[in-house]
Amino acid sequence: MARTLLALMVFGSLGWAVAWQPLHPAPNPPSDHAELQRFVEEVARRTPPHASIFFILPAEDADGGLANHRLRYLLGERSVATNLDKFSPPLRHVDYLAIWRDGRGRLEAAH
Amino acid sequence: MIWGAVTVVLFAAAGLGVARHLDREARGMLLVAEAVLVGGGVAAGAMALHWSLAIPFIFWSAFTKPPLFVRPTRSGAFAVLVQLPLLVWHAVFATRPALYDWTEWLISRRDYFFIWGYKARLIFAAGHIPWTFLGSLPNDFSHSDYPLLVPLQFAVPSMLARAWQPDAIGIVDTALAAAALVIAYHCLPEKVATLGTLALAGCALLPWPGFAEGPLVAYSASGILLLRSRRADALAGVLLALAAMTKNEGMAFVAATAVALAITDRKRWRLLVTPALVIAAWLMVRWNLHTDLFTPGLFARIGHNLPLFPKAFLNIGTSQPLVWIAAMGGLALAPRENFRRERFLLLIVGLQLAFYFAAYAVTPLDLVGHVNGSWDRISSHVTMLVAFAGLTSISGALPSSPTQP
């Protein structure tokens with residue numbers, strides 16, 4: 001019995017680890033965020049640290065209301081909000097508007 | 001990948017002196033493993049304050065003349081040999097560029113982009129911890145209240161390379177897990193050490209590289225297993241302190257260990273002074289960072305969430321289910337004896353899970369979504385300890401080898 005349990009533990013552990021860590025996973029559906037990445041990186045270059053940036057994104061880029069978290073990764077020390085946020089409070093003030101529509105981006109100073 | 005390897009060497013070099021001081025009996029691979037874990041803390045601390053602070057620790061390591069090269073035992077060499085394919089597998093998996101590709105908006109990788117990788121990138125870009133900015137982050141999924149050991153460790157390869165190196169995180173993650181496995185090997189009964197470490201490998205080499213789960217399990221399991229084996233209490237205290245600095249669940253591990261020690265071995269409370277001081281210092285530093293669990297309306301949330309528990313847990317799997325079944329089976333082979341011997345580990349596991357259920361009870365998020373998005377990961381925090389208790393129980397039931405007295 002003890003040997004069986006030991007074998008179960010070894011094979012169960014290794015099987016789970018290997019199954020959950022595929023070296024060649026099934027390809028993900030083609031992502032259309034490469035263009036958006038380039039635009040966000042451009043916004044990062046053209047705005048100073050600590051700037052507050054409000055993004056206007058199309059509904060398909062909502063990421064369940066968490067798109068602002070995705071953008072933060074590329075924008076570093078900048079406060080970020082979008083028109084699609086569900087879980088974050090609004091920005092206290094807005095320095096820049098970044099508008100992403102039809103695969104093209106535009107950055108404007110907010111007035 | 002090369003910067004990940006350089007980082008691991010830096011961790012070992014920065015930690016050898018401290019590890020040698022805290023565990024005089026360690027040598028060879030055990031000493032290197034302890035050094036990688038401790039050095040990970042030293043290097044992260046140096047990066048947080050000033051990189052040059054790592055230099056005295058590296059000199060200390062050189063002057064202690066650590067006994068790194070010892071003749072390997074046959075079982076030790078065999079254990080390394082059987083572990084190697086899985087370590088390589090995990091390293092290849094954990095360094096896949098797709099895991100760190102921003103354009104793939106995968107739900108399964110959110111914690112890397114929202115919390116751990118985000119903060120590591122912030123620290124790398126700023127060249128220091130941007131405290132004011134972290135304090136200004138809203139109380140949302142970026143968890144500004146989490147400790148910063150993991151983002152600092154993840155930022156080290158990029159700071160060395162002077163360029164953002166996200167896939168090097170996979171090497172750091174693998175090295176910390178491997179170090180925990182070496183310590184577990186030395187804590188296991190000899191009869192099951194090799195196969196047992198193989199069973200534990202799946203519990204340490206977790207499928208979430210770039211998250212804090214790997215470092216948390218590596219530090220907490222190493223510290224707790226060293227405490228259980230009573231072989232290096234001071235080192236165990238340091239490893240628990242580092243576990244507390246990985247994420248809030250690490251602080252829960254320290255609290256669970258304190259209660260378990262109070263029940264099973266009250267005289268050893270002093271070894272918790274180090275983690276207690278580190279946690280107190282962190283709580284003072286992060287006083288202005290928000291935590292979501294204690295937002296107003298606590299009792300209303302408990303009343304709302306508790307009835308939803310059955311629905312939330314009905315269809316969600318636990319990490320490593322076969323390991324849990326085998327471990328429970330092992331403990332059931334001689335329940336009274338096994339539960340008495342492993343009561344320290346099992347108390348910690350029970351308390352840690354109780355903390356997690358309490359956190360779910362007070363969560364301000366949708367409970368079902370919260371459980372579905374986290375239970376497989378957070379149940380992995382204790383799997384290595386459960387498996388270890390099962391392995392010692394199985395070992396007790398195995399016939400002795402004819403060469404043993």
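Order of the sequence lines sets the chain letters (A, B, ...), proteins ahead of strands, with each chain counted from 1. Note: hydrogens, waters and symmetry copies are ignored here, and every other heavy atom, side chains too, is used.
Among the candidates V192(B), I325(B), L206(B), the residue making the largest number of heavy-atom pairs closer than 4.5 Å to chain A is L206(B). Interface check for chain A: of the options F133(B), W102(B), F113(B), Y118(B), the most heavy-atom pairs under 4.5 Å are formed by W102(B). With chain B as partner, the option from Q37(A), E77(A), R70(A) having the largest number of non-hydrogen pairs under 4.5 angstrom is R70(A). No other option in L36(A), L8(A), L23(A) has as many heavy-atom pairs under 4.5 Å with chain B as L23(A). Among S142(B), G396(B), A94(B), C203(B), the residue making the largest number of heavy-atom pairs under 4.5 Å with chain A is S142(B).
A salt bridge does not link E42(A) with R45(A): every distance from a Lys NZ or Arg NE/NH1/NH2 to an Asp or Glu carboxylate oxygen is 4.0 Å or more. Of the charged side-chain nitrogens involved, at least one lies within less than 4.0 Å of a carboxylate oxygen, so that D63(A) and R110(B) count as a salt-bridged pair. Salt bridge D140(B)/R72(A): present, at least one basic N to carboxylate O contact under 4.0 Å.
There is a side-chain donor-acceptor pair under 3.5 Å between S393(B) and R341(B). With no hydrogens or angles considered, a side-chain donor-acceptor pair links Y112(B) and Y73(A) at under 3.5 Å.
For a residue to count as touching a neighbouring chain, one of its non-hydrogen atoms must lie under 4.5 Å from one of that chain's; by this rule W324(B) does not touch chain A. L391(B) touches chain A through backbone and side chain together, each having a heavy atom under 4.5 Å away. The part of L333(B) that comes within reach of chain A is its side chain, from C-beta onward, which places non-hydrogen atoms under 4.5 angstrom from that chain. Using a 4.5 Å cut-off between heavy atoms, A327(B) contacts chain A through both its backbone and its side chain. Residue A397(B) touches chain A through both its backbone and its side chain, counting heavy-atom pairs closer than 4.5 Å. Both the backbone and the side chain of S319(B) come within less than 4.5 Å of a heavy atom in chain A. Looking at L195(B), both its backbone and its side chain come within 4.5 Å of chain A, counting heavy atoms on both sides. For a residue to count as touching a neighbouring chain, one of its non-hydrogen atoms must lie under 4.5 Å from one of that chain's; by this rule L14(A) touches chain B with the side chain only. In this structure, the portions of V18(A) lying under 4.5 Å from any heavy atom of chain B include both its backbone and its side chain. Interface remark: L122(B) contributes side-chain atoms only to the contact with chain A (heavy atom separation under 4.5 Å).
In terms of heavy atoms, P58(A) sits closest to L84(A) at O-CD1, 3.3 Å.
Residues satisfying the ring-ring contact (aromatic ring centres under 6.0 Å, His included) test with F87(A), not counting sequence neighbours, are F141(B).
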Under 3.5 Å, which donor-acceptor pairs link side chains of residues 93-103 of chain A to any protein atom two or more places apart or in another chain?
| unit_1 | atom_1 | unit_2 | atom_2 | d |
| --- | --- | --- | --- | --- |
| H93(A) | NE2 | D95(A) | OD1 | 3.4 |
| D95(A) | OD2 | S52(A) | N | 2.8 |

